[in-house]
Structures are given as C-alpha cells and as structure tokens.
Amino acid sequence: MNDFTQLLEDLDGLLVTHPANVRYLSGFPHAEDAWLWLDAGGPLLLASPLYQNDLEAAGLPHLLGRPEAWPRLLAGRARGRVGFEAGRLPYATARRLGEALPGAELVPTQGRVEALRVRKRPEEVERIRRAMAIAREAYLEAQPRVRPGVPEIEVAAWLECGMRQRGAEGRAFPTIVASGENGAFPHAGAGPKALAEGELVTLDFGARHAGYHSDVTRTLALGEVPPQRRRLLAAVEAALEAAMARLGPGVPLAEPDRAARAVLEAEGLLAHYPHALGHGVGLEVHEAPRLSHRSPGVLEPGMVVTVEPGVYVPGLGGARIEELVWITEEGYQVLSAGM
Ligand code: ZN
Ligand code: ZN
C-alpha cells in the first residue's frame with residue numbers, strides 16, 4: 001500500500017468509509033466490506049474475519065472484526081482530530097464512533113480522497129481501457145441483431161451477457177435500452193417494449209473490470225426514421241463534434257459543454273438538453289470532475305471523462321451519444337473509438 005499520509009493535513013487520523021476510496025488507497029478488492037484507517041503510522045484496513053486470507057495474501061496491514069466492532073477496534077489508535085467522510089458515514093455508525101472514541105474530536109471531511117482520484121495513474125487508465133474494450137466487443141457482437149421486433153430487455157441481456165463472457169466482473173450500471181418514446185427519458189431502463197421501425201434506440205452501457213468502469217452510449221436509427229427524429233440525432237452528433245473540438249489539457253471544464261449547448265441552442269433544442277455534458281469515470285461510474293457549463297476548474301492530464309450530449313423530446317423520442325475520453329499531456333484519446 002502506498003503511503004497516503006499527505007491526506008491527513010490538519011488531522012491526526014482519517015477514517016475512510018467510502019468503498020471506492022478504500023479501494024483506491026488499499027487496492028483491496030472487497031472494499032465495500034472494509035474501512036481504512038490512516039494516521040502517521042500509515043494505512044490500516046478494518047475488515048471482517050472472512051477476508052483474513054485475502055488480506056494476508058495481499059500483505060495488507062489489517063485489524064479483523066465484525067463491522068459493529070470496528071469503532072471499538074479504533075479506540076486504541078484514534079485520538080486528537082479524527083476526520084471522517086461526512087457524506088459517507090450513516091448517522092447510526094457516526095454515533096457508535098463517537099461513543100467508542102470519547103477522547104477524539106470527530107472532524108467532518110469532504111472529497112479529500114476524491115481529489116486524488118481525479119487524475120488517473122497509468123495502471124488505472126489501462127483498467128478503464130480494458131473495461132471499455134469489453135463493452136465495445138459486446139456491442140459489436142450485439143449491434144447487427146438490434147432490429148425492429150426485438151424487446152429492449154433482450155438487447156440489454158445480449159450486451160450484459162457479452163460483457164460477462166469477455167471477462168467483465170459485471171455491468172457498470174443497469175444497461176439502458178430506450179426505444180421510441182422511451183428515449184425521451186434520459187435514465188430509462190430497458191423494458192418489454194419491442195423496438196419498432198422508424199424509431200431511434202439509445203443504448204447506454206458499460207463494463208466493470210478490476211474495479212474500474214466504462215460508460216458509453218450509442219443511438220441507432222431503426223430503418224426509415226422520419227425527419228423530425230433524424231434531426232434529433234443529427235443535432236446530437238453536431239453537439240458532440242463541437243464539444244470534442246474543445247477538449248484538451250488546460251481547457252476550462254465548462255468549455256466543451258458551452259460548445260455543445262451553443263449547437264443545441266442554434267437547433268432550438270437547448271430546452272431538451274437537461275443534463276451536464278459529462279462526468280469522470282473510474283472506480284465509480286460517476287465521479288469528479290463534472291463537465292458542465294457551470295463547472296469551475298480545468299481539464300487535466302490523467303482525467304478520464306465522458307462527453308455525452310443528449311436531447312429528449314416527449315412523445316417523439318431522444319438521442320444521446322457518449323464517448324469515453326482520456327485527457328493526455330498532448331491532447332486526448334477516445335477510449336470508446338471503433339464502435
Ligand atoms: Zn452512459
Ligand atoms: Zn455517462
């Protein structure tokens with residue numbers, strides 16, 4: 001495990017309870033069942049005795065106990081100013097912690113580990129690249145079978161099965177297959193409705209590999225699509241192109257979204273674009289940074305982000321295209337290319 005004591009800053013200890021942060025700091029694959037304690041002595045995992053073998057095999061320093069006992073396990077170590085992740089600790093657990101550590105001052109913290117996770121290390125990018133390759137291959141196999149008459153849920157099953165067959169730990173999130181009027185809901189799931197001639201169908205999916213995620217969206221036109229629907233897809237393609245032209249290290253995070261919004265505004269579709277342009281992807285499907293026209297900050301080398309303009313028109317349908325992009329020192333690489 002790396003030494004992450006720089007995270008302490010003004011604290012004597014930091015309790016990390018958010019699974020993605022625990023995994024980031026320790027590499028422990030069962031991070032959803034563990035806490036990480038960090039003090040000047042370095043990191044220490046708290047986990048169930050079920051994981052004793054895994055922890056010893058990985059050489060990770062640890063204390064074992066049932067989750068209810070973890071606050072008491074810290075009692076000998078946690079003193080002074082003890083930080084905890086304010087957004088990631090249930091109220092009941094926070095109370096137990098306070099009771100177990102009467103001499104400590106509990107200090108709420110926000111986003112400390114997340115700030116480190118924004119810029120991916122090369123080995124993290126490789127895991128995301130592999131998660132993306134798995135999703136791409138599943139899509140390329142399923143795509144020729146996406147035709148009128150097939151239920152949405154069956155298309156979702158093909159994608160998810162294809163990703164598992166290629167070694168995914170699982171899907172990154174519940175696969176979206178939204179056809180026709182269902183496409184007007186940005187987070188529609190996949191239901192029994194059959195795809196129909198003349199519709200647009202939006203496929204939004206991704207795989208998880210070694211804890212890391214991919215996230216990609218394609219919108220397909222089924223047969224002869226009437227012009228008012230084709231127009232939605234063409235506008236999203238133009239917005240995507242405008243946004244991608246503004247990507248690169250040092251570019252304000254707000255700028256690609258501004259470019260996409262300008263295109264959709266000119267098309268009279270801005271009112272139908274209800275979300276931000278994109279988000280970071282890594283140990284979580286949605287993580288920092290957020291690519292919105294309101295975001296402060298700039299794109300930095302090592303960031304992996306989505307670019308996903310979409311429009312959703314009730315009664316007509318919707319279209320979204322999502323690329324997964326790695327910002328590099330020189331520019332960027334489209335991880336979702338070739339599909
Ligand atoms: Zn997506
Ligand atoms: Zn996304």
Side-chain angles (χ1 to χ4, degrees), residues 20 114 117-118 120 124-125 127-140 142-143 146 152 155-156 158-160 162-163 168-179 182-190 200-209 211-220 232-233 236-237 239-240 243-244 247 253 256-257 260-261 264 273-293 295 299 303-312 317-327 332-339:
E114 284 83 349
R117 286 170 42 203
V118 164
K120 271 67 182 172
E124 295 184 279
V125 177
R127 287 174 171 192
I128 297 167
R129 191 194 295 284
R130 180 72 202 128
M132 190 60 245
I134 289 169
R136 176 192 301 110
E137 288 167 25
Y139 172 78
L140 293 176
Q143 191 259 323
V146 180
E152 292 174 350
V155 176
W158 293 338
L159 290 168
E160 293 182 7
M163 292 191 290
E169 291 169 346
R171 59 189 190 186
F173 53 88
T175 299
I176 295 172
V177 179
S179 65
N182 291 345
F185 302 95
H187 278 162
L200 298 175
V201 57
T202 299
L203 316 179
D204 189 349
F205 57 99
R208 197 178 70 238
H209 164 70
Y212 287 78
H213 299 86
S214 55
D215 183 9
V216 65
T217 305
R218 293 292 181 258
T219 296
L220 303 173
L232 300 184
L233 186 50
V236 166
E237 283 166 351
L240 177 72
M244 299 289 276
L247 289 181
L253 284 170
D257 194 30
R261 290 171 64 88
L264 295 177
Y273 172 46
H275 53 72
L277 182 71
H279 53 88
V281 175
L283 284 167
E284 292 175 278
V285 184
H286 293 104
E287 58 182 47
R290 187 174 141 89
L291 272 72
S292 148
H293 64 285
S295 297
L299 287 164
M303 285 179 171
V304 175
V305 297
T306 69
V307 179
E308 49 179 311
V311 292
Y312 314 90
R320 177 169 68 256
I321 308 173
E322 175 176 30
E323 302 289 9
L324 187 62
V325 176
W326 171 34
I327 307 296
Y332 65 90
Q333 224 182 75
V334 183
L335 302 178
S336 52
M339 59 187 283

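Whatever order the structure lists them in is the order used to number ligands and atoms, beginning at 1. Owing to the predicted nature of the structure, the values given are computational and were not obtained by experimental measurement. We're numbering straight along the sequence, starting at 1.
The minimum distance between the Zn ion (ligand 2) and any N, O or S atom of Glu308 involves atom OE2. The name of the N, O or S atom in Glu322 nearest to the Zn ion (ligand 2) is OE2. Sorting the N, O or S atoms of Asp215 by how far they are from the Zn ion (ligand 2) puts OD2 first.
Pro309 has its side chain out of reach of Ile321: every pair of non-hydrogen atoms, C-beta onward, lies at least 4.5 Å apart.
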Open item on the list: Quick one, Arg218 with Gln143, criterion side chain to side chain donor-acceptor pair (under 3.5 Å). Give me CA distance, side-chain angles, the key distance, then yes/no.
Closed with: CA-CA 10 Å; Arg218 293 292 181 258; Gln143 191 259 323; over 6 Å; no
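Salt bridge status for Glu287 with Lys120: present, with a side-chain N to carboxylate O gap under 4.0 Å.
There is a side-chain donor-acceptor pair under 3.5 Å between Glu160 and Thr175.
Not a single N/O/S atom of His286, whether from backbone or side chain, sits less than 2.8 Å from the Zn ion (ligand 2). Asp204 lies apart from the Zn ion (ligand 2) in this respect, since none of its N, O or S atoms is found at a distance under 2.8 Å.
Put simply, the residue from Leu335, Val281, Leu277 that forms a side chain to side chain contact (heavy atoms under 4.5 Å, CB included) with Thr306 is Val281.
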